[in-house]
Student: 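Input: one structure, supplied below.
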Amino acid sequence: MTAVPTSLTLGSLRVDTPVVLAPMAGITNAAYRRLCAEQGAGLYVCEMITSRGLVEGDETTRKMLVFDELESVRSVQLYGTDPIYIGKAVEILCADYGVAHVDLNFGCPVPKVTRKGGGGALPWKRGLLGEILTSAVAAATPYDVPVTMKTRKGLDDDHLTYLDAGRIAQETGVAAIALHGRTVQQAYSGEADWDAISALVEHVEIPVLGNGDIWEAADALRMVEQTGAAGVVVGRGCLGRPWLFRDLAAAFHGEDVATLPSLGEVRSMMRRHAELLSEHMGEERGCKEFRKHVTWYLKGFSAGGELRHRLALVDSLATLDQLLEDLDPQEPFPARELGTPRGRQGAPRAKVVLPEGWLDDTDGRGAHVREDANETTGG
Ligand SMILES: Cc1cc2nc3c(=O)[nH]c(=O)nc-3n(C[C@H](O)[C@H](O)[C@H](O)COP(=O)(O)O)c2cc1C
């Protein structure tokens, strides 16, 4: 058991609580980051954007790259497979967007991404990974911006890559490595392997951030104690539960807080979320974006099917207000939900889809991996 850290240092950046909001495509936009940050300190990472989209001035990419006015630390996750595009994209993020942290995605398990050798497939090519990281760090260094990487254990149990990735990250000047304790093949199924996080901590000197299956603040403490990780990355656990960041901040500072909001308080949080989305995207799109969060907010509460259905079709803040009135504000938080998985889980993949001959060599230096400008699937 190791001592619990109370802050996190990533190069020049100090975060007051060793907690990172996991980048989640379609979720961790400016509104959601603000909502979470209102709860407690942490590092709140923007949803993934593609380096090629950024370099080529793609409209969708540009729209995703917005920050809340109160967001003093701008943190962005980049996707890319080409060292040149990645370097240029990092330069743009630092010079034009004033970001304070860049994370690189090497964990995406989506077949359409791994088929081209991107995301979770890329670390198999150790040489190419090194080139990409070197290029990113070289572009970020003049701005004193730390670069981190996020990855999985490997392609599958027979093709693990995380220990090599950690070594390469360290050698290329990456400030920290986040490990999701699953393989690409597992996607989101089964349980995250925290022993792999311990093994990576043993293997490298740079900070390791542990990721996978933190559902409550107590899980985060258990993870750092068990693995020696410098901090945690929290994804699905905070879906429909932004107050988890309040509990996490308290836990890392020695207080035992488990927020159990009544349905009335959840209602206020839902309203706040929809309002922030509307401020950032306009009311129509904001309300549309909000729809996907309804099931997560109401998980375990007794709200009826008809009301849930209408909430999932909400198209204005006024309608939302009317519908929220029908939720009983006195209903207590369903305590049986605590510690249980939420968000996507699914089944393992039969096999990991890779480019032809991908496994034949482990270097890949100079390889040309095709990169889409509008890849938005992420995790
Ligand atoms: C909806 C969704 C979108 C995701 N998008 C990304 C992404 O863009 N980049 C990334 O590195 N991981 C992404 N992930 C993976 C998460 O960042 C995280 O690694 C994973 O969910 C495991 O952590 P958890 O158990 O705390 O959820 C995504 C996960 C989900 C559920």
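Indexing begins at 1, ligand by ligand and atom by atom, following the structure's order. We're numbering straight along the sequence, starting at 1.
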Student: Closer than 4.0 Å to some heavy atom of Met48 - which atoms of ligand 1 meet that?
Tutor: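 So the answer, numbered in order with elements, is 8 (O).
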
Student: List the atom pairs, with distances to 0.1 Å, where a side-chain N or O of residues 214-222 and a protein N or O form a donor-acceptor pair under 3.5 Å, not counting sequence neighbours.
Tutor:
| from | atom 1 | to | atom 2 | distance (Å) |
| --- | --- | --- | --- | --- |
| Glu216 | OE1 | Arg241 | NH1 | 3.4 |
| Glu216 | OE2 | Arg241 | NH1 | 3.2 |
| Glu216 | OE2 | Arg241 | NH2 | 3.4 |
| Glu216 | OE2 | Gly339 | N | 2.7 |
| Asp219 | OD1 | Arg222 | NH2 | 3.2 |
| Asp219 | OD2 | Trp215 | N | 2.9 |
| Asp219 | OD2 | Glu216 | N | 2.9 |

Student: Do any nitrogen or oxygen atoms of Pro23 come within less than 3.5 Å of a nitrogen or oxygen of ligand 1?
Tutor: yes

Student: Is Arg236 touching ligand 1 with its side chain, its backbone, both, or neither, if touching means heavy atoms under 4.0 Å apart?
Tutor: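 The part of Arg236 near ligand 1 is both the backbone and the side chain.
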
Student: For Glu284, check salt bridge (charged side-chain N to carboxylate O under 4.0 Å, His left out) against everything at least two apart and list the hits.
Tutor: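 In terms of salt bridge (charged side-chain N to carboxylate O under 4.0 Å, His left out), with neighbours along the sequence ignored, Glu284 is linked to no residue.
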
Student: Purely on distance, is any nitrogen or oxygen of Gly235 under 3.5 Å from one on ligand 1?
Tutor: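 Yes, since at least one N or O of Gly235 sits under 3.5 Å from an N or O of ligand 1.
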
Student: Surrounding NZ of Lys299 (heavy atoms of other residues, nucleotides or ligands, distance under 6.0 Å), is the total greater than 12?
Tutor: yes

Student: With respect to atom 16 (C) of ligand 1, which of Gln77, Glu191, Lys150 exhibits the smallest heavy-atom separation?
Tutor: Lys150

Student: For atom 3 (C) of ligand 1, which candidate among Ala25, Gly107, Gly119 holds the nearest heavy atom?
Tutor: Ala25

Student: Should we count NZ of Lys125 as having more than 12 external heavy atoms under 6.0 Å?
Tutor: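 Enclosed: over 12 neighbouring heavy atoms sit under 6.0 Å from NZ of Lys125.
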
Student: Determine the interplanar angle of the Tyr297 and His273 rings, folded into 0 to 90°, and report it as parallel if under 30°, tilted if 30 to 60°, perpendicular if over 60°.
Tutor: perpendicular

Student: State whether Tyr188 and Arg152 meet the cation-pi test: NZ (Lys) or CZ (Arg) under 6.0 Å from the six-membered ring centroid, and within 45° of the perpendicular axis.
Tutor: yes

Student: Under a 3.5 Å cutoff, is there a donor and acceptor pairing between the side chains of Tyr32 and His293?
Tutor: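 Result is no, nothing qualifies.
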
Student: Does the side chain of Asp156 pick up a donor-acceptor pair with the side chain of Thr183 at under 3.5 Å?
Tutor: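 There is no such pair (donor and acceptor under 3.5 Å, judged by atom type) between the side chains of Asp156 and Thr183.
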
Student: Is there a polar contact, in the sense of an N or O pair closer than 3.5 Å, between Val234 and ligand 1?
Tutor: no

Student: Taking non-hydrogen atoms only, is Asp213 closer than 4.0 angstrom to ligand 1 via side chain, backbone, both or neither?
Tutor: both

Student: Examine the proximity of ligand 1 to Tyr79 and report which part, side chain or backbone, both or neither, has a heavy atom under 4.0 Å away.
Tutor: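 Within the 4.0 Å criterion, Tyr79 makes no contact with ligand 1.
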
Student: Residue-level breakdown please: for Met24 versus ligand 1, do any non-hydrogen atoms fall below 4.0 Å on the side chain, on the backbone, on both, or on neither?
Tutor: both

Student: So, does Gly212 sit close enough to ligand 1 that a heavy atom of it is under 4.0 Å from the ligand?
Tutor: yes

